[in-house]
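Computed from a predicted model, the values in this text were never measured in an experiment. The chains referred to below are lettered A, B, ... by the order of the sequence lines, with proteins before strands, and numbering in each begins at 1.
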Amino acid sequence: MLNAAQERAVAYLQGPCLVIAGAGSGKTRVITHKIARLLRAGYAPGEIAAITFTNKAAAEMRERARDLLEQRQTAQQLLICTFHALGVRILREDGQALGLKPQFSILDSDDVTGLLREAGGTTEIKQARAWQWRISQWKSALLDPRQAAAGAADAEAAQAARVWERYQQALAAYQAVDFDDLMVLPLRLLQQHDEVRQRWNRRLRYILVDEYQDTSDAQYQLLRLLAGDDARFTAVGDDDQSIYGWRGATLENLRRLPEDYPNLEVIKLEQNYRSTNAILRAANAVIASNPKIYPKRLWSEHGDGEPVQVRDTDGEEDEAECIVSRLQALRGGRGCKWSEVAVLYRANHQSRPIEQALRRANIPYVVSGGQSFFDRTEIKDVCAYLRLLANPDDDPAFLRAVTTPRRGIGAATLKALGGFAAQWKVSMFEALFRDALPGVVGARQAEGLREFARLLHDIEWRERSEAAGDLLRELLQGIGYESWLGDNSDNPREAAQRWSHVNDLCDWIGRKATEDGVGLKRIAQTVALITQLGERGQQQDAVTLSTLHAAKGLEWPHVWLAGCDEGMLPLYSDERPLSDSGLEEERRLMYVGVTRARQTLSLSHCRRRRGGGGRGGRACEPSRFLTELRADLPAAGGRSEALARLQAMRKRLSAVETQES
DNA sequence: TTTGCGGTCCTTTTT
DNA sequence: GGACCGCAAA
């Protein structure tokens, strides 16, 4: 059943539509029901696109659509994907018009840092990251290197613009794109090539965008072009949940939508189906000080529920112990499942003390949003081979593959090979097949390179006829990867763990290739955008640890929001002071965290926290958000007793810890 | 010329 | 706890 506002949002098909969806107001429901309504109105499944920002959101949307639609096949034909995946699709099909081969590689953030170090001629990763950040901002704002250079405020910016120019040339040479290009290049393509744009307009007749408040300039422009002149789209968003300003998202896109589309229908969803009123009051108290674009008031039919709890703790370890005892109370006291609880925090590194405490207490947990599966070195190693196989122009992939495992090829040889390749105007991998190669590198090195080339060539030769999973295993066998892992891990357990990750990847690739009926090369092209493998390996019943960013869109019955300290949430430091707009975004982040909770919410503050130079850490004030929210809470009771219990427990635990280490 | 080892930094958020 | 750099040995 849909409520009145939801029904209006679903039924409105005549023109552009903006749905302001408060937290927990059922926006995914609106989107999936609208898809069903569009199908009933005569749209073909392939003509409907639903665009999200994360793979997780796309996966959930797909699942919900499948549940709702009777025809499984219909659900499969829907285009439900992330903005970036859509960009990849457009570029794979039509990128030739921009000089991009269909097998182009997608570089991840680390690859980009490495490339910028080269392009900028520095070994300093800090410098490279600074350039990376600037270039990404420029790209999101749709500038080109010339405009960036012209508008550079200082020498630093001017230098970044020059580096960008060289970096972009390198990308072109490697037939590679970065994440920002996945938005910028499709946009340029549609702007410059009318026939391509018209084709996509005919193909995608209705577009739904989730989390619209997170769109960047580039994404907004792309959306406008895809929606075409008759503007058949529904944007769903919430100005209070915009938390991606740092990667180019701008609330301006939400503000300007009624101006750009005067016939825009705006519908607000204000009934919350998720949380108790105690939690909603806390959420409202936090967000109240922010300016509003579309004012709304969340309400819920759920009762008041339990009061929100605030805990002051001595430090991160103490905080972690408090969390553990709370989790145990939830489990023991009310028979909660571990999976009904989440611990949220601002920055990834905050998970560490919490993980340690959970391990000691034997509480199962999963960390979401931290280091993703595909960030692991062993996975990146294997992916380098896959990328090289798919795209021989990908020099960064070649460099990683050819040096992992070590095969007697070092820096000097690679430098010579690079020069040789440049001279012939081919990629480094292709240079291996040139007859003149032995003249440029040492005899032993030449033999090593040749063998490497033969191996990959052989795999490629059989790529069409043999199953992807088997072929990949054979490749790993050929390079002796398992024993290399053994030699390069600190202990056998770690080696086994890493090898099992590699096996998971092989399984996944084998399965995916069979499902889609394609070979290894084709799979390799899709791997770059995937950040997590499917259900496999997932813990059955475990507490979730997550950053606030990664928690967006999710919900749990019980939520603990850790580290509510000035400087941590809102996050700032002497080097990175907080601007007005920065504070507003931090506030929205807090709001997102609070609104993840269904039944109970606990917030904690550390009086001391590591870092800041001095031994023993530095003192922390409670977050100003806590102060705002606390005004609304009854005074805490029974505190001293709980404290005594905790301290006794901590003593026991530290004794155990000493034994362990 | 290549490789492995140990000391030294640093830690925002994601596709 | 991790990534990176410089150094010393094969």
Side-chain angles (χ1 to χ4, degrees), chain A residues 51-58 81-88 106-110 112-114 117 123-126 128-129 133 136 139-140 177-183 211 214-216 218-219 242-249 316 344-353 355-356 368-372 374-377 403-416 441-445 448 484 487-488 490 494 528-532 546-553 563 567-573 575-576 578 582 585-586 588-590 592-593 609-613:
Chain A
I51 313 298
T52 65
F53 274 86
T54 62
N55 291 308
K56 204 187 268 172
C81 64
T82 62
F83 256 110
H84 292 83
L86 177 66
V88 173
I106 303 163
L107 301 189
D108 71 19
S109 177
D110 284 350
V112 171
T113 313
R117 285 210 279 180
T123 52
E124 300 230 353
I125 53 166
K126 249 183 132 173
R129 293 241 166 91
W133 187 82
S136 179
K139 284 190 176 185
S140 296
V177 301
D178 61 27
F179 284 130
D180 299 306
D181 287 339
L182 292 177
M183 298 293 96
E211 309 280 14
D214 289 330
T215 49
S216 64
Q219 286 160 338
S242 163
I243 56 173
Y244 284 101
W246 49 271
R247 72 170 195 204
E316 289 171 289
L344 308 181
Y345 38 80
R346 175 65 232 261
N348 277 310
H349 69 263
Q350 289 175 272
S351 72
R352 223 180 103 208
E355 286 185 66
Q356 282 170 347
S368 89
Q371 193 198 28
S372 92
F374 283 87
D375 285 339
R376 295 177 189 284
T377 42
T403 52
T404 321
R406 315 260 35 160
R407 44 172 69 81
I409 312 293
T413 307
L414 289 173
K415 195 165 171 229
V441 299
R444 202 196 328 222
Q445 279 77 15
W484 152 261
D487 297 340
N488 284 277
D490 290 338
E494 185 196 316
L529 276 189
I530 301 181
T531 47
Q532 58 199 0
S546 172
T547 63
L548 288 165
H549 284 89
K552 187 156 79 144
M568 202 63 225
L569 180 62
L571 184 76
Y572 58 89
S573 62
E575 297 86 58
R576 300 166 190 270
L578 200 56
E585 180 148 320
E586 295 291 315
R588 293 191 291 264
L589 204 45
M590 177 83 182
V592 165
R609 157 176 307 286
R610 228 181 285 291

Under 6.0 Å between ring centres: does that hold for A:H549 and A:Y244?
yes
Proximity to the side chain of A:T82 - top-ranked nucleotide from B:dT14, B:dT15, B:dT12
B:dT15
Could you tell me the separation between the NZ atom of A:K139 and the CG atom of A:L182, rounded to the nearest 0.5 Å?
9.5 Å
Across the strands shown, which category fits A:R444 at heavy-atom distances under 4.0 angstrom: base, sugar-phosphate, nothing?
nothing
Could you check whether A:R129 gets within reach of a base, just the sugar-phosphate, or nothing at all, counting any heavy atom under 4.0 Å?
nothing
With respect to the phosphate group of B:dT14, does any side-chain polar atom (N or O) of A:N348 fall under 4.0 Å of OP1 or OP2?
yes
Euclidean distance, A:T54 OG1 relative to A:E211 CD, rounded to 0.5 Å
7.5 Å
Nearest-neighbour nucleotide for the A:R346 side chain, C:dC4, B:dT15, B:dT13 considered:
B:dT13
Inter-nucleotide P distance (C:dC4, B:dT13), Å rounded:
16 Å
Would you indicate which nucleotide in B:dT11, B:dT15, B:dT13 comes nearest to any side-chain atom of A:H549?
B:dT13
Whether the side chain of A:R406 and the base of B:dT3 hold a donor-acceptor pair under 3.5 Å is what I'd like checked.
no
Heavy atoms, side chains only, cut-off 4.5 Å: are A:I51 and A:T82 in contact?
no
From C:dC4, B:dT1, B:dT12, pick the nucleotide closest to the side chain of A:A347?
B:dT12
Taking B:dT15, B:dT1, B:dT13 as options, the one with an atom nearest any side-chain atom of A:Q445 is B:dT1
How many Å lie between CD1 on A:I409 and P on B:dG4, as a whole number?
14 Å
What nucleic acid atoms does A:L589 come within less than 4.0 Å of, heavy atoms only: base, sugar-phosphate, or nothing?
nothing
Aro-ring/base stack A:W246-B:dT13, d under 5.5 Å, angle under 30°
yes
A:D110: which of A:L107, A:D108, A:V112 passes side-chain contact (heavy atoms from CB on, under 4.5 Å):
A:D108
DNA chain B: A:F179 or A:E586, which has the more 5' nearest nucleotide?
A:E586
Checking all strands, does A:F83 fall into the base, sugar-phosphate, or nothing category for heavy-atom contacts under 4.0 angstrom?
nothing
Protein-nucleotide distance (A:R352, atom CZ; B:dT12, atom P), rounded to Å
15 Å
To the nearest angstrom, the CG-C1' distance between A:L578 and B:dT12 comes to 12 Å
Any side-chain N or O of A:T547 less than 4.0 Å from the OP1 or OP2 oxygen of B:dT12?
no
Measure from CG on A:D487 to P on B:dT2 and round the result to the nearest Å.
20 Å
Looking at every strand, decide which applies to A:I106 at a 4.0 Å heavy-atom threshold: base, sugar-phosphate, or nothing.
nothing
Let me spell it out: for each of A:H349 and A:T54, pick the nucleotide of DNA chain B with the closest heavy atom. Which residue's pick is nearer the 5' end?
A:H349
Describe the nucleic acid contact of A:A411 in one word from base, sugar-phosphate, nothing, applying a heavy-atom distance below 4.0 Å.
sugar-phosphate
